[in-house]
Amino acid sequence: MSDWSDDYAVYFVVSIDDESLGAFDSCEGLGAEVVVEERAEGGNNGWVWQLPTGVRYSNVRLSRPVTPDSAKLARWFTGAPGGVRRATAVIEARGASGAVVARWALRDVLPVRWSGPRLDPGRAAVITETVELAHHGFIGSWAG
């Protein structure tokens, strides 16, 4: 039995150029896709070549309850229209014990969307925020 069995509850710690943005309870969109162009072979109607033309990376969405760390995220995000330089992001999946389960480093990260809490005085719920990050690919190994 591995150490993972004790760490089913996972959270995600995010840093941008070694500055922590805090922990998030949800991370989705870590992925890549090879873009393929199809070319039919002349004179052979039953053959189509699948030619790789590049790699496309999906945006990453991170969500969490609003915390004091939300101010760090707001400062970083509000700087984007003024010419934020693309940064390196590290997302660490950590188990309940705090041990790093997996790690992803993203190249040339740019914040592209932030959504804040729905403010409804008639609804008692945890207020959350979500940030979406565009990037140009993974650095080093995917995880580990």
Side-chain angles (χ1 to χ4, degrees), residues 1-41 46-144:
M1 176 115 28
S2 71
D3 292 335
W4 172 248
S5 63
D6 297 330
D7 291 329
Y8 283 114
V10 175
Y11 63 98
F12 304 90
V13 175
V14 178
S15 62
I16 303 295
D17 284 343
D18 296 324
E19 183 176 328
S20 175
L21 293 182
F24 292 80
D25 60 0
S26 162
C27 177
E28 59 183 279
L30 282 170
E33 163 186 9
V34 174
V35 179
V36 175
E37 184 177 309
E38 294 184 354
R39 295 284 182 193
E41 183 173 328
W47 190 262
V48 176
W49 288 95
Q50 304 283 332
L51 304 172
T53 60
V55 179
R56 181 179 305 138
Y57 301 97
S58 55
N59 288 354
V60 177
R61 287 167 304 289
L62 299 148
S63 298
R64 67 175 171 200
V66 173
T67 70
D69 283 331
S70 297
K72 294 177 190 176
L73 178 58
R75 276 192 302 276
W76 181 57
F77 189 85
T78 57
V84 163
R85 68 177 183 78
R86 288 185 176 260
T88 298
V90 174
I91 301 172
E92 292 180 341
R94 295 187 182 184
S97 68
V100 175
V101 175
R103 178 181 291 120
W104 300 269
L106 307 177
R107 176 188 337 270
D108 298 333
V109 171
L110 181 69
V112 295
R113 183 174 291 121
W114 175 86
S115 59
R118 176 178 172 216
L119 303 174
D120 182 352
R123 183 174 165 235
V126 174
I127 57 174
T128 61
E129 67 180 339
T130 301
V131 65
E132 187 170 335
L133 309 175
H135 64 98
H136 287 154
F138 297 93
I139 300 170
S141 65
W142 294 82

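For reference, positions follow the sequence shown, starting with 1.
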By the salt bridge (Lys or Arg N to Asp or Glu O under 4.0 Å) test, which pairs, at least two apart or in different chains, include something from residues 48-59? E33-R56

Go through the steps to decide whether L21 and I16 satisfy the test side-chain contact (heavy atoms from CB on, under 4.5 Å), and finish with yes or no. CA-CA 7 Å; L21 293 182; I16 303 295; 3.5 Å; yes

Between R75 and T78, which heavy-atom pair has the shortest distance, and what is it? O-OG1, 3.3 Å

Give me each pair satisfying side chain to side chain donor-acceptor pair (under 3.5 Å) with a member in residues 127-140, each pair once, sequence neighbours excluded. N59-E132, S63-T130, R64-E129, S70-E129, D108-H136, R113-E132, W114-E129

Where S58 and L30 come nearest, the two heavy atoms and their spacing: OG-C, 4.3 Å

Which of these passes side chain to side chain contact (heavy atoms under 4.5 Å, CB included) with L106: V14, T88, I91? I91

Polar side-chain atom of S20 near backbone of S15 as donor-acceptor pair, under 3.5 Å: no

Check V55 against A32 and note the closest heavy-atom contact, atom names and distance. CG1-CB, 4.1 Å

How long is the straight-line distance from CG of L133 back to OH of Y57, given to the nearest 0.5 Å? 16.0 Å

Check whether any side-chain heavy atom of E92 lies under 4.5 Å from a side-chain heavy atom of F12, and answer yes or no. no

Excluding sequence neighbours, so at least two apart, what forms side chain to side chain donor-acceptor pair (under 3.5 Å) with W47? none

Return yes if some donor-acceptor pair links the side-chain N/O of R107 with the main-chain N/O of F138 below 3.5 Å, else return no. yes

Please walk me through it: do W49 and E38 pass side-chain hydrogen bond (donor to acceptor under 3.5 Å, both in side chains)? CA-CA 6 Å; W49 288 95; E38 294 184 354; over 6 Å; no

Closest non-hydrogen contact found for G95 with V101 is N-CG2, 3.6 Å

Would you say V131 and F24 make side-chain contact, with heavy atoms under 4.5 Å? yes

Minimal heavy-atom distance between A134 and V112, with the atoms involved, is CB-CG1, 3.7 Å

Could you list the residues that satisfy salt bridge (charged side-chain N to carboxylate O under 4.0 Å, His left out) with E37, not counting sequence neighbours? R39

Can you name the nearest heavy-atom pair linking A93 to V10, along with the distance? CB-CG1, 3.9 Å

Please report the interatomic distance OH(Y11) to SG(C27), rounded to the nearest 0.5 Å. 14.5 Å

Per the salt bridge (Lys or Arg N to Asp or Glu O under 4.0 Å) rule, what does the pair list look like for residues 9-32, sequence neighbours excluded? D17-R85, E28-R61

